[in-house]
Student: 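Quick one: the structure is below, questions incoming.
Atom set for the values below is all heavy atoms of this structure, side chains included, hydrogens, waters and symmetry mates excluded.
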Amino acid sequence: MKKYISIDIGGTAIKYGLIDCDANILEKYEIDTNAQKGGDHILNEVIKIVENFVKENQNDQLMGVCISTAGVVDTKKGSIYHASDLIPNYIGINFKKTIEEKFSLPCQVENDVNCAGFAEYESGAGKDSKVCLTLTIGTGIGGCGIIDGEIIHGANGSAFEVGYMNIKGDKFERLGSAKTLVEKVAKEKNQDLSLWNGKKVFENAKKGDEICIRAIDEMCDVLGLGIANLSYMLNPDTVVLGGGIMAQEEYLKEKIEGKLSEYLEERFYKNISIKFAKHKNSAGMLGAYYNFREIEEK
């Protein structure tokens, strides 16, 4: 049986497992990233994961290693081009070279938001779209643009770093992220931040809490404006919204669509479908798998 090792490296957790030729996740596990230990630690964790799968699947045909990771990725080299300080000494870590030399298995590496977007495009909320924009709203805001099945990488892999986009005198992610939503509510209520999270904000909003309702409305206003600006540039037919907070689809969809209609000319707005991500926590692994097959099996 043909299997693919897929590894999704995030700032908090490394999700990994085996995927078959039909994109079924056969096994899935999770360990702490321990990002503060740095790039070499993460590389060694990846080596251990691959090593264990190679030992345990000697009767199967392992087709390769598919990696999704935080940071800007040099997709040709399979290395980290740029990374935040959350993972010290991550820049320059070369997963592709290390894996291929050590295990004689092909390896492809892609940015985690691009992987999430590609998973949604291939088999999720963005399936059958021609031009798909995916945004992940969490601690920050990440973006992925896909046209006719091709991820837009830009000159050095940094395309759609949308969180840095200037909007309303600040950065998009500083105004529109889930992190900012929670911080805003805690500050307005003069309470410790540890008492609040996204789920609690929405629970209280549904009970009529005016501070929570206003904070969510302000977030939706920022998201609507950000999506409008990106839509003028990319002209997507589908916008997919992901991240834990987007589980609140029933509460958010109408609000975001309403704000988008205010900021976007009708000829653009009438051709855009706002959808919510389908693959949730499996998006990184699935996207890494789809990316691997797109490159290796053309």
Student: Would you indicate whether the side-chain heavy atoms of Asn156 and Val72 approach each other to under 4.5 Å?
Tutor: no
Student: Out of curiosity, does Leu86 fall in the hydrophobic cluster containing Val113 (side-chain heavy atoms, cut-off under 4.5 Å, transitive links)?
Tutor: no
Student: Is it true that Arg267 and Glu265 have a side-chain N and a carboxylate O under 4.0 angstrom from each other?
Tutor: yes
Student: Can you find a side-chain donor-acceptor pair between Tyr263 and Asn229 that sits under 3.5 Å?
Tutor: no
Student: May I ask you to decide whether Glu45 forms a salt bridge with Lys48, counting only side-chain N to carboxylate O separations under 4.0 Å?
Tutor: yes
Student: Could you tell me whether the side chain of Lys77 and the main chain of Asn94 form a donor-acceptor pair under 3.5 Å?
Tutor: no
Student: Are any of the side-chain nitrogens in Glu266 or Lys270 under 4.0 Å away from the carboxylate oxygens of its partner?
Tutor: no
Student: Can you tell which of Val50, Ile67, Val46, Ile5 makes a side-chain contact (heavy atoms from CB on, under 4.5 Å) with Cys107?
Tutor: Ile67
Student: Would you mind reporting whether Tyr90 and Ile9 have side-chain heavy atoms less than 4.5 Å apart?
Tutor: yes
Student: For residues Met1 and Leu26, determine if any side-chain heavy atom of one lies less than 4.5 Å from a side-chain heavy atom of the other.
Tutor: yes
Student: Take a 6.0 Å sphere around CD of Glu297 and say whether it holds more than 12 heavy atoms from other residues, nucleotides or ligands.
Tutor: yes
Student: Counting only heavy atoms not in Glu183 (residues, nucleotides, ligands), do more than 12 fall under 6.0 Å from its CD?
Tutor: yes
Student: Less than 4.5 Å apart, any side-chain heavy atom of Cys21 and any of Arg293?
Tutor: yes
Student: Does atom CG of Asp85 have more than 12 heavy-atom neighbours, drawn from other residues, nucleotides or ligands, at distances under 6.0 Å?
Tutor: no
Student: Linking I/L/V/M/F/W/Y whenever their side-chain heavy atoms sit closer than 4.5 Å, directly or via other members, would Ile272 and Val240 fall into one cluster?
Tutor: no
Student: Where does the angle between the aromatic ring planes of Tyr289 and Tyr4 fall among parallel (under 30°), tilted (30 to 60°) and perpendicular (over 60°)?
Tutor: perpendicular
Student: What side-chain donor-acceptor pairs closer than 3.5 Å can you find for residues 128-138, not counting sequence neighbours?
Tutor:
| unit_1 | atom_1 | unit_2 | atom_2 | d |
| --- | --- | --- | --- | --- |
| Ser129 | OG | Gly126 | O | 2.6 |
| Lys130 | NZ | Asp148 | OD1 | 3.0 |
| Lys130 | NZ | Asp148 | OD2 | 3.4 |

Student: Within a reach of under 6.0 Å around NZ of Lys199, are more than 12 heavy atoms found that belong to other residues, nucleotides or ligands?
Tutor: no
Student: Answer yes or no: is there a donor N or O on one side and an acceptor on the other, between the side chain of Asn44 and the main chain of Asp40, under 3.5 Å?
Tutor: yes
Student: Kindly indicate whether the side chain of Lys259, heavy atoms from C-beta on, has any atom under 4.5 Å from the side chain of Leu225.
Tutor: no
Student: Decide whether Ile91 and Phe95 are clustered together by the hydrophobic rule: side chain heavy atoms of Ile, Leu, Val, Met, Phe, Trp, Tyr closer than 4.5 Å, transitively.
Tutor: no
Student: State, yes or no, whether a side-chain contact exists between Ile274 and Phe276 at a heavy-atom distance under 4.5 Å.
Tutor: yes
Student: Please walk me through it: do Lys255 and Gln248 pass side chain to side chain donor-acceptor pair (under 3.5 Å)?
Tutor: CA-CA 11 Å; Lys255 289 178 179 288; Gln248 302 288 337; over 6 Å; no
Student: May I ask you to decide if Gly140's main-chain N or O and Ser177's side chain share a donor-acceptor pair within less than 3.5 Å?
Tutor: no
Student: Is there side-chain contact between Leu62 and Val54, with heavy atoms separated by less than 4.5 Å?
Tutor: yes
Student: In this structure, are over 12 heavy atoms from other groups packed under 6.0 Å from Lys189 atom NZ?
Tutor: yes
Student: Could you check Leu241 against Ile227 for side chain to side chain contact (heavy atoms under 4.5 Å, CB included), going step by step and ending with a plain yes or no?
Tutor: CA-CA 10 Å; Leu241 302 176; Ile227 293 167; 4.0 Å; yes
Student: Does Tyr251 form a side chain to side chain contact (heavy atoms under 4.5 Å, CB included) with Cys220? I'd like the steps, not just the answer.
Tutor: CA-CA 11 Å; Tyr251 192 93; Cys220 289; over 6 Å; no
Student: Around atom OH of Tyr269, are there more than 12 heavy atoms from other residues, nucleotides or ligands closer than 6.0 Å?
Tutor: yes
Student: Does this structure show an ion pair linking Glu257 with Lys253, if we count only N-O contacts that are shorter than 4.0 Å?
Tutor: yes
Student: Do Asn57 and Lys3 get their side chains close enough for a donor-acceptor pair, meaning under 3.5 Å?
Tutor: yes
Student: When hydrophobic residues are tied together by side-chain contacts of less than 4.5 Å, even through go-betweens, does Ile151 share a cluster with Met233?
Tutor: no
Student: Please determine which of Thr180, Ile245, Leu175 meets the side-chain contact (heavy atoms from CB on, under 4.5 Å) test together with Met219.
Tutor: Ile245
Student: Taking the side chain as everything from C-beta on, heavy atoms only, tell me whether Glu188 gets closer than 4.5 Å to Arg214.
Tutor: yes
Student: List the steps and the verdict of side chain to side chain contact (heavy atoms under 4.5 Å, CB included) for Tyr290 and Ser123.
Tutor: CA-CA 10 Å; Tyr290 287 127; Ser123 63; 2.8 Å; yes
Student: Is atom NZ of Lys2 surrounded by more than 12 heavy atoms (other residues, nucleotides or ligands) closer than 6.0 Å?
Tutor: no
Student: Can you tell me if NZ on Lys187 sees more than 12 non-hydrogen neighbours from other groups inside 6.0 Å?
Tutor: no
Student: Which of these passes side-chain contact (heavy atoms from CB on, under 4.5 Å) with Ile99: Val65, Ile7, Leu43?
Tutor: Val65
Student: Membership question, hydrophobic clusters at under 4.5 Å side-chain separation (ILVMFWY): are Leu105 and Ile47 in the same one?
Tutor: yes
